[in-house]
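Presented below is the structure to which this report refers.
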Amino acid sequence: MGDLGTYIPIILALTLSRDLNLGTTLIFTGLYNVVTGAIYGVPMPVEPMKSIAALSIASNGTPSEEVFGVPEMMAAGICTAGAMLLLGATGLMNLIYKLIPRCVVRGIQLSQGLSFALNAVEYVRKEQDFSKPNYGNGEKRGWLGLDGLILSIFCACFIVIVSGCGEAGEDAGEEAGEVIIMEVENGDERERAVRKAIASLPSAFLVFSLGVVFAFIRKPKMVYEIRFGPSRMEVVKISKQAWKTGFVKGTIPQLPLSVLNSVIAVCKLSNDLFPAGKRLSATSVSVTVGAMNLVGCWFGAMPCCHGAGGLAGQYKFGGRSGTCVVILGVVKLGLGLALGSTLVVVLREFPVGVLGVLLLFAGIELAMASRDVNSKEDAFAMLVCSAVSLVGSSAALGFLCGIVVHLLLKPDKVVMMVIKLVCGLKRRCC
């Protein structure tokens, strides 16, 4: 359950608001889990591409902002996959990673995470009608009921109590170790066991299960609307405008995130957590990210990648081999083949306030990746990138502004980047 904290709310939101094919997404992500778990032998997570997902969720179809729908998402995923496959096959992945300033990538993560969080707060505060393009202008949500504010506050408090200030990661592991040492020194074994049991609960999955139960309570007759069998797969029709919008608004801001978080960070973390296991290479991971999306996106499956946060989450909850993600993949495949898109019947009655709580913590988790920026110059470039991305509603523009500011603050970096680029290209050509 380690990486479901991000997977569940994103897939739920896109299914309800953008009519994402849930059955197809479950089938393909299940296959991705099975294949990558068997190939790498580590709990390799499969997560939605967060930048693309955040852009689609945040686009409300207002007159000043067009909807970033399924065709645009698939176009962005295919273009990103092609670039990842090319970078991996040519061995240029490490060179590209060295040229992209970390502070700019953190700025994109911060802006997209805050975009998630801002939309999540609206989900909690106001009634939402996902059948309408501009669904964020509903009435204020009441306190009582099966989708009231009290339920949302209860779920938020539960997640904070169980997960603390974030999902599993290196910092969480260190803090947990310190707590255990202190408790052992005090001789309080029972309290240590209780704390460890609470920390191991899959909070997002439990909150999601509670939402499913409440969905059936809100409309018990939905059991008669559920039909068994997989959903129909169709090739997504992508127009020229969708290709253009998907590449400019989706691929450009997603690509540096995929390079850093889906490849480089995953390889480093995996090699640190499993020093005696199979060593992951940036080339192979980049190729698998590209290959799986070049197949699934044509049929409407959500663009996916790997992620260091999901890998750390799997490790925290006991994942020590690829078997755990293979089991997760089999469950996804079973649901996709048995129920398909009829699961949308349940999701339509899913408490939107609970969905907002899950989205809130998913956004915060993404934004918290920027906490490792510690120099004033890097923080300035990161915040400029985030501000332009949020205010201008364009992560691509924010990325460009962040790069420019970073180079202006550190002109020596320009020379170093040119030298690295020339040397790297020379080695490739020779």
Side-chain angles (χ1 to χ4, degrees), residues 1-37 45-48 53 56-57 69-70 73-74 77 123 128-131 146-147 155 202 204-236 292-293 295-304 310 324-356 358-359 362:
M1 305 300 176
D3 62 341
L4 290 185
T6 303
Y7 181 88
I8 290 174
I10 293 177
I11 297 300
L12 268 176
L14 291 173
T15 301
L16 293 171
S17 63
R18 295 291 171 260
D19 200 23
L20 181 73
N21 192 321
L22 179 61
T24 301
T25 297
L26 285 173
I27 290 174
F28 276 100
T29 55
L31 287 172
Y32 302 158
N33 279 128
V34 173
V35 172
T36 54
V46 174
E47 304 173 347
S56 180
I57 294 172
V70 172
M73 279 193 292
M74 298 307 119
Y123 281 23
Q128 308 290 327
D129 186 358
F130 290 111
S131 62
L146 297 177
D147 193 12
C155 292
F205 180 76
L206 293 177
V207 170
F208 168 74
S209 301
L210 178 65
V212 172
V213 172
F214 276 36
F216 278 97
I217 295 176
R218 296 177 71 185
K219 189 179 180 182
K221 293 184 179 180
M222 76 170 64
V223 294
Y224 302 108
E225 302 178 25
I226 297 177
R227 299 291 182 268
F228 291 97
S231 58
R232 183 179 178 181
M233 289 189 185
E234 296 179 348
V235 177
V236 178
M292 63 188 187
N293 286 289
V295 177
C297 287
W298 286 106
F299 297 95
M302 177 64 201
C304 291
C324 63
V325 290
V326 170
I327 295 174
L328 178 62
V330 171
V331 172
K332 291 180 183 178
L333 272 171
L335 289 174
L337 293 173
L339 299 177
S341 293
T342 59
L343 284 173
V344 176
V345 175
V346 180
L347 297 181
R348 285 198 184 107
E349 300 300 324
F350 193 92
V352 180
V354 175
L355 172 63
L358 293 174
L359 273 173

Between Asp147 and Phe214, is any pair of side-chain heavy atoms under 4.5 Å apart?
no
Do Ser231 and Leu22 have side chains that approach each other closer than 4.5 Å (heavy atoms only, starting at C-beta)?
no
Using only atom types and a distance under 3.5 Å, with no angle test, would you say the side chain of Tyr32 pairs donor to acceptor with the backbone of Met292?
yes
Glu349 and Arg218: which non-hydrogen atoms are nearest, and at how many Å?
O-NH1, 3.0 Å
Flag side-chain contact, heavy atom, 4.5 Å: Val326 against Asn33:
no
Is Leu20 close to Met74 at the side-chain level, that is, under 4.5 Å between some pair of heavy atoms?
yes
Can you check whether Phe299 reaches Asn21 side chain to side chain, under 4.5 Å on heavy atoms?
no
Could you tell me the separation between the CE atom of Met302 and the CD1 atom of Ile11, rounded to the nearest 0.5 Å?
6.0 Å
Taking every non-hydrogen atom, the tightest pair across Leu210 and Cys155
CD2-SG, 4.1 Å
Do Leu339 and Phe228 come within less than 4.5 Å of each other through their side chains, counting heavy atoms only?
yes
What are the two closest non-hydrogen atoms of Val46 and Cys304, and how far apart are they?
CG1-CB, 3.8 Å
Got a second to check how far Ile217's CD1 is from Met222's CE, nearest 0.5 Å?
10.5 Å
Of all the heavy-atom pairs spanning Thr24 and Gly300, show the shortest one and how long it is.
CG2-C, 4.4 Å
Which heavy atom in Val236 sits nearest to a heavy atom in Cys297, and how many Å separate them?
CG2-O, 4.2 Å
Separation of Leu26 CG from Leu333 CG (nearest 0.5 Å)
9.0 Å
NZ on Lys332 to CG on Leu31, rounded to 0.5 Å:
10.5 Å
Checking side-chain contact (heavy atoms from CB on, under 4.5 Å) against Phe350, which of Val352, Val354, Val346 comes through?
Val354
State, to 0.1 Å, how close Val325 and Gly37 come at their nearest heavy-atom pair, and which atoms those are.
CG2-CA, 3.7 Å
